[in-house]
Protein chains: 2
Amino acid sequence: MEEHFKQIASLIGDPTRATILWTLLDGKAFTATELAIAADTSPQNISMHLNKLVQAQLLCVESQGRHKYYKFARKDIAYAIEALANLIPVEIDQKAKTNTIEVPVKYCRSCYDHLAGKIGVAVTDSLIDQKIIIDQGKNFELSANGQAWFTDLGINISGLKQLRRSFLRPCLDWSERRHHMAGALPAALLDKMLNEDWIRKMQNSRAIVITAKGQQMIDKHFKLPL
Amino acid sequence: MEEHFKQIASLIGDPTRATILWTLLDGKAFTATELAIAADTSPQNISMHLNKLVQAQLLCVESQGRHKYYKFARKDIAYAIEALANLIPVEIDQKAKTNTIEVPVKYCRSCYDHLAGKIGVAVTDSLIDQKIIIDQGKNFELSANGQAWFTDLGINISGLKQLRRSFLRPCLDWSERRHHMAGALPAALLDKMLNEDWIRKMQNSRAIVITAKGQQMIDKHFKLPL
DNA sequence: CCAACACTTCATTCTATACTTAACTGTAAA
DNA sequence: TTTACAGTTAAGTATAGAATGAAGTGTTGG
């Protein structure tokens, strides 16, 4: 056990790896190159360090085309890193406390046929919190509650399931670097939101605006005060 | 902030210093020579490392004649070290379970100032079963019954509550992967158990042995036949 | 197709810093 | 006193492992 502790400690102890972990603390996934820039080092070097962190199961990777997105393998890893950061002697600690306020949802976009961007991630998070969908890592599952919830919204679940396309799956978001929902179900949800005039698509852009009605309904259904 | 984090991380990252911190986890103060033996290195070397840890305010020193006693400067430092130990990947941990050398330490041990390991989890479970403490997930609460129970044991609840430190909180155990109690209350409980000679700390280890008297009393108070 | 890109692998170089050797201060017993 | 002990300081050395250079693989988009 002591040996393993020393292993973990020395893994975290290297300045470049410490910077990687620190950067990842904001919860987003980062590409290798981005982390290289953050840590001010070469791609080869960051590759070596990321490998070590993945092998120790501190980080996990997801390939997307020629990019690799890295993030913490488990939540408790981020917590332990934070605990370490809290060991910093009291004097410096003061200023950090001010910018921890939750960032408002302001950047909204759709991705092909479903919600993406900050709102896509926020909606997904909300449905997971409400146990409407279950996050199983590699895929999302619709719970029994969830079936009722979508049916209440007027979405025909069984109809969607008969389509040839994927019903529900996680999709890594370009802007947020977090998972949001993709597939027939979230497409139907976007459709619904547009039809009910909760949101409107901007011309010639993927940007989306939330209507006054939408603000109320999104708060009601997703428990997301905007 | 990031700079300071890197500093702390690299401080903990050195194997010799990691061993020092690991050794100090049992809550006792150690002399420089004892730590040198534990870390299997020279007095000069340990002196250098201890200096760095003291300067970073991770440890504090107390001189006593020609000896110097080192211990954690604050409790949260021990907790952060424990949190790091919890990051060890699960499958490696499996092998460790079969490794008989560590078993006694995992079974019965104290973590800084409170009971941990199997006995820590068992005691916690028992108190929850008996509704002496209430498990609220993120925190533990002492019930009305519980106040009486601890008072009967001769523990001064209101005195403990006035201390600046946390009174009672869950702490994840690295060996059991379950919650046990940490804070002023369980620290007082460990104190009581040592004073009454229910349990004894082993020399040079965090292992704990249960005395014959302890077996009876633990069965009586915690309904735990051992 | 090709060129640019994201990332990896491996052999080599480099360097930070842990450790050593040696000489010191202060404390405690004998 | 004297001897042994606990710990420190300073200067020099050694080496683990981080960084680099060169040469890959696989992906994307014009």
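Just so it is clear: chains get the letters A, B, ... in the order the sequence lines come, proteins before strands, and each one is counted from 1.
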Query raised in the report: How would nucleotides 19-30 of chain D be written as a contact map, 5' to 3', with B for base contact, S for sugar-phosphate-only contact and - for no contact, using protein heavy atoms under 4.0 Å?
Result: BBBB----BB--

Round to the nearest Å and state the distance from [X] atom [atom1] to [N] atom [atom2].
X       : N      : atom1 : atom2 : value
A/Tyr70 : C/dA6  : OH    : C1'   : 10 Å
B/Leu35 : C/dC19 : CG    : C1'   : 17 Å
B/Phe30 : D/dG7  : CZ    : P     : 13 Å
A/Lys6  : D/dA16 : NZ    : P     : 15 Å
A/Ile46 : C/dT9  : CD1   : P     : 15 Å
B/Ile37 : D/dG7  : CD1   : C1'   : 13 Å
B/His67 : D/dA4  : NE2   : C1'   : 12 Å
B/Ile20 : C/dA18 : CD1   : P     : 11 Å

Query raised in the report: Do we see a donor-acceptor contact under 3.5 Å between the side chains of B/Ser47 and B/Asn45?
Result: no

**Report entry** Short side-chain donor-acceptor distance under 3.5 Å, A/Ser126 and A/Gln130
**Finding:** yes

Query raised in the report: Looking at C/dA18, C/dT9, D/dG7, which one has an atom nearest to any side-chain atom of A/Ser47?
Result: C/dT9

Query - Closest-nucleotide ordering on DNA chain D, the 5'-leading residue of A/Arg17 and B/Lys68 - result: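 That would be B/Lys68.
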
**Report entry** Least distance between heavy atoms, A/Glu2 atom then B/Thr19 atom
**Finding:** OE2-CG2, 3.2 Å

Requested in this report: Answer yes or no: does atom CG of A/Asp40 have more than 12 heavy-atom neighbours from other residues, nucleotides or ligands under 6.0 Å?
Outcome: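 It does not: A/Asp40 CG has 12 such atoms or fewer within range.
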
Query - Residues, nucleotides or ligands: over 12 heavy atoms within 6.0 Å of B/Lys213 NZ - result: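 Check passes, neighbour count above 12.
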
Query raised in the report: Looking at B/Tyr79, is B/Arg74 sitting on its ring face, NZ or CZ under 6.0 Å from the six-membered ring centre and within 45 degrees of the normal?
Result: no

**Report entry** D/dT9 phosphate, OP1 or OP2, under 4.0 Å from B/Asn51 side-chain N/O
**Finding:**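 Looking at the OP1 and OP2 atoms of D/dT9, one of them is under 4.0 Å from a side-chain N or O of B/Asn51.
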
Query - Phosphate OP1/OP2 of D/dG17 contacted by A/Lys52 side-chain N/O (<4.0 Å) - result: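 Checking A/Lys52 against D/dG17: no side-chain N or O falls below 4.0 Å of OP1 or OP2.
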
Query raised in the report: How would you list, by chain and number, every residue that makes a ring-ring contact (aromatic ring centres under 6.0 Å, His included) with A/Phe222, sequence neighbours excluded?
Result: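 Once residues adjacent in sequence are excluded, the partners of A/Phe222 under the ring-ring contact (aromatic ring centres under 6.0 Å, His included) criterion are A/Trp149.
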
